[in-house]
Number of protein chains: 2
Amino acid sequence: MAGVAPSTVSFVLNGKGKQMRIRDEVARKIMQVVEKSGYEPHRMAVNLRTGQSKTLGLIVESISGSFFASLAKTIETEAERRGYNVVYCSTENNAQKGGELIRMLGRQMVDGYLITPAPGMEKEIQQLLQQHKPVVLMDSYFPAIKTPYVLINNFDGVQQGMEHLIKKGLTKIAFVTVDVKLIQLEERLRGYVTTLKDHRIPLKKKHVLHLKYHKQREDSLNELQEFIEKNPEIDAVFFATNYLGILGLEVIARLGLKMPQDLSVICFDDHDIFRLYPPGISVIEQPIEGIAKAAIDLLMHQLDKNNGPIKKPAIQLPGRFILRGSA
Amino acid sequence: MAGVAPSTVSFVLNGKGKQMRIRDEVARKIMQVVEKSGYEPHRMAVNLRTGQSKTLGLIVESISGSFFASLAKTIETEAERRGYNVVYCSTENNAQKGGELIRMLGRQMVDGYLITPAPGMEKEIQQLLQQHKPVVLMDSYFPAIKTPYVLINNFDGVQQGMEHLIKKGLTKIAFVTVDVKLIQLEERLRGYVTTLKDHRIPLKKKHVLHLKYHKQREDSLNELQEFIEKNPEIDAVFFATNYLGILGLEVIARLGLKMPQDLSVICFDDHDIFRLYPPGISVIEQPIEGIAKAAIDLLMHQLDKNNGPIKKPAIQLPGRFILRGSA
DNA sequence: TACCTATGCTAAATCGATTTTGTAAAATTT
DNA sequence: AAATTTTACAAAATCGATTTAGCATAGGTA
């Protein structure tokens, strides 16, 4: 349409006009035609030729979870700013599905991976690295896997909450967590234990509850209820995840306890419910935007092949303690 | 690797071996090599050649909303079953962004669109149809646009809830909605008005509140509070959306009203909070899975070119009334 | 005048598949 | 036995871009 060869158009559109010394006059003519005709390069053809899909794979546990939803949102925005698209996949807490997903994305030729690793995905991630695919982990990581990761400083987050409780004079603080072997949870427990020790408050084993991950919701509720009933001296509870916190709210309502008079409550990881549930549940808020942005940055750094090695492959961002009515 | 031509491999892999009378022996050999070498066709090359990306575009208002998140989840699962991938995009209630998104997906060469239309996207959708792109709308639709859509039966949903309230002897029922011109909301209001009429309960104009869509959250709260205070005779409130319902909970807490003694509450569209917030908020639950499946079916039908026209281009699925403590 | 270099583009190869066309060899028909 | 058809694949064209190599023309140098 512009009366020139396809290659000439390609040069101009890809900003190589100067380098290929295309006359400004011709370049203008091309741009004009492009504008008027609304021409858009065929994505697949570009991908095939360049070997880059300009697409990132985001693998999360569950899209419908609020933490992951927010994460996805920010990542999408950030990726778009840099000219990348995102395809999401959720593992739905199913390790086997995680593997399939990664292979599916591989088939799809994504340029890089952003993964919130679930237990059991370790091997698949290791494979990706062997294929020299750029990977950034979020929210958690595997100590054995040497790839960049970004997460909240779990230890510090718990400490902030614990310090608040202790400052209020509470000392019989329970800690409710899950028996999954995840770095985050271990760190959160470490925060609990360490803060107590720092304040010379004796750590009581019976004040720490490890709920079974694979149990039914109802079973967990009962176990939690029993835990609180059997330890009436407890004046505060720290829930290690928002799922646990929500269970907690239900149990506390069942027992007719008033927050914070009968029991102070702090939960790790915010949730819509915690803002609205009277009297408002105090939480450690994850710096989701920060995590997303840092993760994208790390991934982009790997995608730019001319870049050197990453200077900071492990990023821990501080969480924010949000004081509401419950503590 | 199998000692045959690429075309032969292609025939076998695409199930055209019989048709092209490739010997079983050769086919087996090919499959064997494929298995052992872990060969996967290059997606982009396939797409380029076939013109099909095997990808669907899902455009929703906000990925982080729970309705949309669940929708996305089901759609992803269903699409995967049929060998399709999904790319999501959220308009974040921004009409202009909606247009950009649609164009972006076009560039990406998605085979079809699943859209929850927001006011202002009408023109863009019209354009897609002119380009003969398959489109299915969900949750709402534009009367002027002739493309299949799937949504809950809003009228019937409200009626179910209203019947329950009336059966309990409540007659001073308020209806809180938003002043956005959306089919869903009009239908819900119609459900309210019609049910009252059916029971010969006089419709009072002052019992219907149209909150301004663009107002700040705080302003809406105040307006809602004033509404309830100025109409103390009201014995029940029907909220037309879950966002409104959540505002309602906050106002009711502020006013110190007890549900359902002082005020019965029903809300259209469930939300995590409504399950947990004491005493549990009764809701009309959207048949999200059904909507997602029906929408995918309609889209797939359009993608199979050999299919005739769609027999039922407008699907309305019944909602489910979930009785909790609030009504 | 012959040779070299810079300019400004075009032609052709390439990415990795699918699909149409072609073609030996074997089987069947005339 | 010659002609035709069927079998079983291979060769080549194609999708729509990018990129490398090529090729006239103009200007400058030996």
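Within every chain, numbering begins at 1; the chains are lettered A, B, ... in the order of the sequence lines, protein sequences first and strands thereafter. Just so it is clear, the model here is predicted, and its values are computed rather than measured.
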Checklist outcome for this item: A/Lys29 atom NZ is separated from C/dC9 atom P, nearest whole Å, by 14 Å
Item to check | Options C/dT19, C/dA6, D/dT19, nucleotide nearest the side-chain atoms of A/Ser10 | outcome: D/dT19
Checklist outcome for this item: Quick note, A/Val4 side chain, CB onward, closest among C/dT10, D/dA10, D/dA17 is C/dT10
Checklist entry - Do A/Thr50 side-chain and D/dA17 base share a donor-acceptor contact under 3.5 Å? => result no
Next on the checklist: Using the side-chain heavy atoms of B/Thr8, tell me which of these nucleotides is nearest: D/dA8, D/dC9, D/dC15.
Outcome noted: D/dC9
Checklist entry - Are any of B/Asn14's side-chain N or O atoms less than 4.0 Å away from OP1 or OP2 of C/dT18? => result yes
Checklist entry - Please give, in whole Å, the distance from D/dA17 C1' to A/Lys16 NZ? => result 12 Å
Checklist entry - Taking CE from B/Met1 and P from C/dG16, how many angstroms apart are they, rounded to a whole number? => result 16 Å
Checklist entry - Given that B/Val46 and B/Met20 both sit by DNA chain C, which one's nearest nucleotide is further toward the 5' end? => result B/Val46
Next on the checklist: Between B/Tyr39 and C/dG16, is there a contact of a side-chain N or O with OP1 or OP2 at under 4.0 Å?
Outcome noted: no
Checklist entry - Using 4.0 Å as the upper bound for N to carboxylate O, is an ion pair formed by A/Glu78 and A/Arg82? => result yes
Checklist entry - Do A/Thr74 and A/Glu289 meet the criterion of a side-chain donor-acceptor pair at a distance under 3.5 Å? => result no
Next on the checklist: Check whether A/Ser10 reaches the backbone of A/Pro6 with its side chain - one donor and one acceptor, N or O, closer than 3.5 Å.
Outcome noted: no
Checklist entry - Do B/Pro148 and B/Gln302 have side chains that get closer than 4.5 Å, going by heavy atoms? => result yes
Next on the checklist: Please compare B/Leu48 and B/Asp24 by the position of their nearest nucleotide in DNA chain D and report the one closer to 5'.
Outcome noted: B/Asp24
Next on the checklist: Is any side-chain heavy atom of B/Tyr84 closer than 4.5 Å to one of B/Met300?
Outcome noted: yes
Checklist entry - With respect to the side chain of B/Ala45, which nucleotide from C/dG16, D/dG16, D/dA12 is positioned closest? => result C/dG16
Checklist outcome for this item: Between CZ of A/Arg28 and P of C/dC9 the distance, given in whole Å, is 12 Å
Checklist entry - Is there a donor on the side chain of B/Arg49 or the base of D/dT14 sitting less than 3.5 Å from an acceptor on the other? => result yes
Item to check | Separation of C/dG8 C1' from A/Phe11 CZ (nearest whole Å) | outcome: 11 Å
Checklist outcome for this item: B/Arg21 CZ to D/dA8 C1', in whole Å, measures 8 Å
Item to check | Under 4.0 angstrom between A/Arg23 side-chain N/O and C/dG8 OP1 or OP2 | outcome: no
Checklist entry - To the nearest Å, how far apart are B/His42 NE2 and C/dT14 P? => result 17 Å
Checklist entry - In whole angstrom, what separates B/Gln52's CD from D/dT14's P? => result 21 Å
